[in-house]
Amino acid sequence: MQVTMRSENHIGYVTLSNPPVNAIGQVLRMGLLEAVRWAERGRLDRVIVSGAGGVFAAGADAKEFDAAPQEPHLPEVLNAIDESFVPWIAAIEGVALGGGAEIAMACRMRIMAPGARIGLPEVTLGVIPGAGGTARLPRLVGLQKAVEMITTGKPIGAQEACSAGLVHTVEDDPIEAAFLVNSEALGCIVPTWEYHAPAHDADLFRMARENLQAKMPGQEAPVRALAVIEAGLALPFHAALAHERQVFLELKTGSQSKALRHLFFAQRAAKAPAHLKGAALEVQHAVVVGGGTMGAGIAYALVSSGVQVTILEADADGLKRAEDNIGKIIAASLSRGMIDAARAADLRSRLTLSTEYSQAATAQLAIEAAFEDMAVKQEILGKLDAVLSADAVLATNTSYLDLNEMAAPLMDPTRVIGLHFFAPAHIMKLLEIVQGAQSSDRAMATGYALAKRLGKVPVRAGVCDGFIGNRILARYREAADTVFMDGSTPWEVDDAMVEFGYAMGPYEAQDLSGLDIAYANRQRQAATRDPNRRYVPIADRMIELGKLGRKTGAGWYRYPGGGGKVEDPIVADLAIEEAHFSGITRTDYSSQEIRQRLVLAMINEAADILDAGIAQSAGDIDLVTVFGYGFPRWRGGLMHYADSLGVEKIVAQLEILAQEDTVAWKVSPFLRRCADAGQSLAEARPMR
Ligand code: 3H9
């Protein structure tokens, strides 16, 4: 029974009960419809609907979206509630999202607990509200607020919902409050469907459309939602619902909704493997070695989750720099309204800076975030090994270096893992948890537990140069540099990738992070680089010219006066010059060709990564590319996108490119095997 009913003194108590979040599937819909009829048969005074387990309802069961819709459909059920002569009151605790919020809006009255949230996040799953949300919300809160809530999908808190008119009152015990509502007052409340729709406002829709184009380019659902709200204003209520339903069903089967659902479930599936259960150390005190941008971000994330943190630095200058970096993060969080002064003071109180390793002695976890150099990192881990208790976990935030080599000199290499954060570490969701050859279950479990505590998406990675994400990134940049040298410009490459859905292209992104980091890596790799692999020297020339990116005022672009980017003809000339020296006849690549090359290069590399066991699944690569590297979310991640293209087609396209360069475009054996077996990347498992 997913809906339970009981009546007492002519009041019906209906409870939605489908743990853990009361997702609304067919059984729950049937139960709800039956509850409407039950309340009418019993001529009840009112029905109080609430959710079991401290949650009202998280919306339609997204697991049902792949199948054909089954009756009764949610719009009909909600119309029955809205039109019933028995008034319903929604008593909302936890969340009322999507279909859950739509149930609440079909009720005569809504009462919310102070910590509860309500919203229509359907666009984040690539659909629009499909059970009256686009018609009922504008009637309840007006056009401006409804457009904002539906197109962004962002839920709001109880107080805001109350001020907006979405809920009637905020009470600690919403069920008790619903019981106390005066019957006469309840009888005077007009059913939602009888409210007048707000007047059309052409300026508001124009501005909202422009805003969506600027902020959510490429995403279908928000634009469609806006159009449905607008069209609904001119239609009778039930016709507006029918139109909304038709668009909802169309989007539900579309590629963007499939991609976003895939990510939603992949993100939730990213948790510690079952065999690690119970093995994690509880971290109360952590040490971060190095208070640079990355270290400070990690320290801030840790203190925000309630951990006591000591930042260790080498000397007084280092301490000053760490202090400044932490200060900047706190100031930015304050100015964005993410924390208040009291919270800032609380975070500061949990943070200590020191040059003394003895301060680390009580820590359960140490994360080194020092300079990317093997000897430096080995020395730090050695010092930590000596002072931390024998069961503490030592982690390195290295982006590329060999974890096994780093751990080898320690007395106990089993306690070492990689915790690869992404800058800014307190904001970016991805955490690669790198498992060395000897990393213990306890160390790995501690990494996963930390990810959960910090609200990160954990992805297990094996040891190789760059792990999952940076190894794909290196190939992406190599493909970009080749396209640039052979016929394009950085801005053409960037534009092509922005059109694909990235917030910025590879060159602008590199200007932000600094060209010197990739240069240091190329230097490190020089001795082991395959001599048959083509080397594009343009990025090295940039270093010689002192063009290191934004921090030097110029990189692939110029940034006059520290302002916005400007195309730099000197940079374009570098490619022409280098191509000339190498005897290359340059080609004019279309955006489509640029995109194809860069994306295929990443897919091919990712397939090798999967084959080598560096990543555990195609879904993990999707999480890495979306949550760490800005791959467009609505394409579902790199491998989901590859599957949507079709593996056979990808292999055929790579074979054509391999005719140009057999080394760089060598087709991944994993892709070939999938193509031969007719398997998708999501289904396939590497042969190990
Ligand atoms: C919709 O409503 C369309 C309607 O307008 C029209 C219909 C006609 N479906 O996130 P958590 C599962 S579209 C199925 O880890 P939290 C989730 O997979 C929907 N399953 O917990 C996980 O399962 P498992 C609009 C769902 O506390 C478990 O619940 N609604 C759904 O961090 C716990 O989830 C949304 O977009 C679902 N809708 O966060 C809301 N939701 O344990 C989406 C959750 O097996 N949901 N599950 O891994 C959320 O935002 C968060 O899950 C929520 C809880 C805030 C509710």
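Each ligand, and each atom within it, is numbered from 1 in the order the structure gives. Throughout, numbering of the chain's residues begins at 1 and tracks the sequence.
Checked against a 6.0 Å centroid threshold, the rings of Y629 and Y502 do not count as neighbours. Between H420 and F422, the distance from one ring center to the other falls under 6.0 angstrom. Side-chain rings of F421 and H426 stay apart, their centers remaining 6.0 Å or farther from each other.
With a 6.0 Å cutoff to the six-membered ring centre and a 45° limit on the axis angle, R635 counts as a cation-pi contact of F500. Cation-pi geometry between K429 and F627 is not met: the NZ or CZ atom fails to fall both under 6.0 Å from the ring centre and inside 45° of the normal.
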Starting from the N and O atoms of ligand 1, find every protein N or O within less than 3.5 Å and list the pair with its distance.
unit_1	atom_1	unit_2	atom_2	d
ligand 1	2 (O)	A60	N	2.8
ligand 1	2 (O)	G99	N	2.8
ligand 1	5 (O)	E102	OE1	2.7
ligand 1	5 (O)	E122	OE2	2.4
ligand 1	5 (O)	G130	N	3.0
ligand 1	9 (N)	A62	N	2.9
ligand 1	10 (O)	R268	NE	2.5
ligand 1	10 (O)	R268	NH2	3.3
ligand 1	30 (N)	A58	O	2.8
ligand 1	38 (N)	A60	O	3.0
ligand 1	48 (O)	K271	NZ	3.3

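Residues L137 and L166 have side chains in contact (heavy-atom distance under 4.5 Å, counting atoms from C-beta outward).
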